[in-house]
Amino acid sequence: MGTCREPEPSQIFVPGPIIVGAGPSGLAVAACLSNQGVPSVILERTDCLASLWQKRTYDRLKLHLPKHFCELPLMPFPKNFPKYPSKQQFISYVESYAARFNIKPVFNQTVEKAEFDDVSGLWNVKTQDVVYTSTWLVVATGENAEPVFPNIPGLKKFTGPIVHTSAYKSGLVFANRKVLVVGCGNSGMEVSLDLCRYNALPHMVVRNSVHVLPRDFLGLSTFGIAMTLLKWFPLKLVDNILLLLANSTLGNTDHLGLRRPKTGPIELKNVTGKTPVLDVGAISLIRSGQIRVTQAVKEITRNGAKFLNGQEIEFDSIILATGYKSNVPDWLKDNKFFTKEGMPKTPFPNGWKGEKGLYTVGFTRRGLSGTAYDAVKIAEDITDQWMKFNGPLSIRNICSSHIIHLHFNKS
Ligand SMILES: Cc1cc2nc3c(=O)[nH]c(=O)nc-3n(C[C@H](O)[C@H](O)[C@H](O)COP(=O)(O)OP(=O)(O)OC[C@H]3O[C@@H](n4cnc5c(N)ncnc54)[C@H](O)[C@@H]3O)c2cc1C
Ligand SMILES: NC(=O)C1=CN([C@@H]2O[C@H](COP(=O)(O)OP(=O)(O)OC[C@H]3O[C@@H](n4cnc5c(N)ncnc54)[C@H](OP(=O)(O)O)[C@@H]3O)[C@@H](O)[C@H]2O)C=CC1
Ligand SMILES: O=C(O)C(=O)Cc1c[nH]c2ccccc12
């Protein structure tokens, strides 16, 4: 009496797996499970599906692989979608996907901690207001969960706006501004291109080597060509063919400041995860001088940047196209399955299954086709266990969705 204690967060027992993240990966697992009659609960930190696509990408974004490489399991893209669907089209596809499989994530639930309890043999997954408990935990928080903010000397001194590409929508607000774009991956290239279309003056930092390939070659997608060739030829030969094809369409890019790595594009992707740039127009603007390529930054000053070659240029704004990272180490406790960078230690195609009911989907560095592969495997594996425990027609199975509702209505 009289003491004021924080109330214990309420606990909810989830009959099927707990899935963390309502992006394409989490939805794909839930859909494959639902297709087998297995229930699941998705916990999502934001208030929408596919939040990366809805909230953290720019207006002009399109898929850069042809749509059939980006399909989620069990539901193709609509026939009337173009080869490279727009961001809006992709979002509408994801929304119909969730509706089709009747997936209703619990929104505004940020997973702060997930821990396996050896005594009960169950996973406890804590959000800001509830502990969810289950036999299975599916990690679907993505390779792009958090923006990477680089440690560039002097960055804090800069007086103008500094925006990460995850917060960039369009070049509209940058018209006639000199903008330093740090990074030359797909984001850096496409944001620089977008800036030009709004009459801004982008300077793109290229501190290292980079592979740039045309998105298409003679009407065929370069990615599709690579996948077909890989069925017949060794990887090194395919890489050499891709480089020939890139040289014949883009020419030699060395004198533009874009040096190629010694390792070929697919081998580099497999070994380091670094995605080749698929060019959708930036190279021709670099050639015409509308996008300037700069050396590495030595330091940022109040109103610009000093470069390694001694050059100093004034800028109005800085855009950080410095990529993303996983956030798994922030919330998954005592885990030996993930590296300290939050990626599964076991490489593709075996990274989807950990121990004690732990699964991961969408950490293959193979985009949405990797997601589809993982999701099918995980759903098969959990369905097998579910059927052994419950049988297809058990009372627990039939009532499962009601159990969740009862718990929610209690508070
Ligand atoms: C700009 C851009 C363009 C891309 N284009 C393509 C493409 O054309 N083709 C392709 O195959 N891939 C592409 N990708 C790769 C991209 O990873 C996939 O498209 C896809 O979004 C991956 O889905 P996911 O569900 O694994 O991750 P995400 O889409 O990132 O979804 C993860 C979800 O988990 C939620 N979450 C994170 N942490 C927590 C937490 N602690 N608690 C609760 N919820 C949490 C997030 O809010 C998010 O909704 C692109 C990526 C980017 C950044
Ligand atoms: N249309 C589409 O479908 C698009 C797809 N994507 C995908 O999204 C994912 C993320 O792409 P992206 O956001 O480009 O991230 P990436 O990780 O691919 O690229 C990050 C870039 O930032 C550079 N960088 C990082 N830190 C620094 C620093 N301190 N100083 C200078 N440069 C730095 C890196 O250089 P270095 O190599 O030297 O480390 C690299 O060029 C990728 O898988 C990509 O393919 C992105 C945009 C569009
Ligand atoms: O943009 C990405 O990272 C993707 O997820 C797509 C992708 C997977 N493997 C690739 C190899 C070459 C170019 C793009 C991809």
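Each ligand, and each atom within it, is numbered from 1 in the order the structure gives.
The shortest N or O to N or O distance between P24 and ligand 1 is under 3.5 Å. Inclusion of T371 in the set of residues having an N or O under 3.5 Å from an N or O of ligand 1 is not warranted. Polar contact check, S369 against ligand 1: no nitrogen or oxygen pair lies under 3.5 Å apart. Inclusion of Y58 in the set of residues having an N or O under 3.5 Å from an N or O of ligand 1 is not warranted. Considering backbone and side-chain atoms together, L368 places an N or O closer than 3.5 Å to an N or O of ligand 1. Looking at ligand 2, you'll find an N or O of A321 within less than 3.5 Å of one of its N or O atoms. Of the polar atoms of N144, none of the N or O atoms is found under 3.5 Å from an N or O of ligand 2, judged by distance alone. At least one N/O-N/O distance between R45 and ligand 1 falls below 3.5 Å. Ligand 2 has an N or O atom lying under 3.5 Å from an N or O atom of N208, backbone or side chain. At under 3.5 Å, not a single nitrogen or oxygen of R56, backbone or side chain, sits near a nitrogen or oxygen of ligand 1. The shortest N or O to N or O distance between C184 and ligand 2 is under 3.5 Å. Residue contacts with ligand 1: N144 is placed with a nitrogen or oxygen under 3.5 Å of a nitrogen or oxygen of the ligand (distance criterion only). Below 3.5 Å of separation, one finds no N or O of S187 facing any N or O of ligand 1.
For the residues V297, T275, L278, the heavy atom positioned nearest atom 42 (C) of ligand 2 is part of T275. Closest heavy-atom approach to atom 9 (N) of ligand 1 within the set A140, G367, C70: this belongs to C70. In this comparison of N108, V106, L52, the heavy atom closest to atom 52 (C) of ligand 1 sits on L52. For atom 47 (C) of ligand 2, the candidate residues are Y84, F149, Y58; the nearest heavy-atom contact is made by Y58. Taking only non-hydrogen atoms, the option from F363, Y324, F69 nearest to atom 53 (C) of ligand 1 is Y324. When the options D47, V361, T364, T141 are ranked by their closest heavy atom to atom 39 (C) of ligand 1, first place goes to T141. Among K87, H164, R207, K62, the residue whose heavy atom sits closest to atom 33 (C) of ligand 2 is R207. Closest heavy-atom approach to atom 45 (O) of ligand 2 within the set T322, N186, V280: this belongs to N186. Here the shortest heavy-atom distance to atom 3 (O) of ligand 2, taken over K325, K274, H64, R60, belongs to H64.
W136 places no side-chain N or O within donor-acceptor distance of the main-chain N or O of S40, the cut-off being under 3.5 Å. The closest donor-acceptor contact from the side chain of Q295 to the backbone of N309 lies under 3.5 Å. Checked by atom type and distance alone, the side chain of S96 pairs as donor or acceptor with a backbone atom of S92 at under 3.5 Å.
Inspection of the E115 and N124 side chains reveals no N or O donor paired with an N or O acceptor under 3.5 Å. Side-chain contact of E143 with Y324: a donor-acceptor pair under 3.5 Å is absent, judged by distance alone. Looking only at atom types and distance, the side chain of S221 has no donor-acceptor partner in the side chain of K83 under 3.5 Å away.
Looking at L43 against ligand 1, only its backbone comes within 4.0 Å, counting heavy atoms. No part of K62 comes within 4.0 Å of ligand 1, judged by heavy-atom distances. Residue-level proximity to ligand 1 for V20 is carried by the side chain, the only part with a heavy atom below 4.0 angstrom. Only the side chain of E190 comes within contact range of ligand 2, with a heavy atom under 4.0 Å; no backbone atom does. Only side-chain heavy atoms of T46 come within less than 4.0 Å of ligand 1; its backbone N, CA, C and O stay farther off. Only side-chain heavy atoms of L61 come within less than 4.0 Å of ligand 2; its backbone N, CA, C and O stay farther off. Contact annotation: for V111 versus ligand 1, heavy atoms closer than 4.0 Å belong to both the backbone and the side chain. Under 4.0 angstrom from ligand 1, there are no non-hydrogen atoms of S166.
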Q: Step by step, work out the ring-ring contact (aromatic ring centres under 6.0 Å, His included) result for H64 and Y84.
A: CA-CA 6 Å; H64 66 174; Y84 299 105; 8.6 Å; no
Q) For S288 and L285, what are the C-alpha separation, side-chain angles and deciding distance, and is it a side-chain contact (heavy atoms from CB on, under 4.5 Å)? A) CA-CA 5 Å; S288 68; L285 295 183; 4.1 Å; yes
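For R365, the heavy-atom gap to ligand 2 stays at 4.0 angstrom or more.
In this structure K67 satisfies the side chain to side chain contact (heavy atoms under 4.5 Å, CB included) test together with F77, F81, P85, sequence neighbours excluded.
Note: E71 CD to L65 CG = 12.5 Å, rounded to the nearest 0.5 Å.
F315 and H203 have perpendicular rings, their planes meeting at more than 60° on a 0 to 90° scale where under 30° would count as parallel.
Close contacts between ligand 2 and V182 involve ligand atoms 30 (N), 31 (C), 32 (N) [criterion: under 4.0 Å to a heavy atom]. Remark: ligand 1 atoms within the under-4.0 Å shell around heavy atoms of Q109 are 42 (N), 43 (C). Residue-ligand proximity, G142 to ligand 1, at heavy-atom distances under 4.0 Å covers atoms 26 (O), 27 (O).
Salt bridge absent: K178 and D316 never bring a charged side-chain N and a carboxylate O closer than 4.0 Å.
Crowding of K113 atom NZ: a count of heavy atoms from other residues, nucleotides or ligands under 6.0 Å not exceeding 12.
Judged by a 6.0 Å distance limit and a 45° cone about the ring axis, R302 is not positioned over the six-membered ring of F158.
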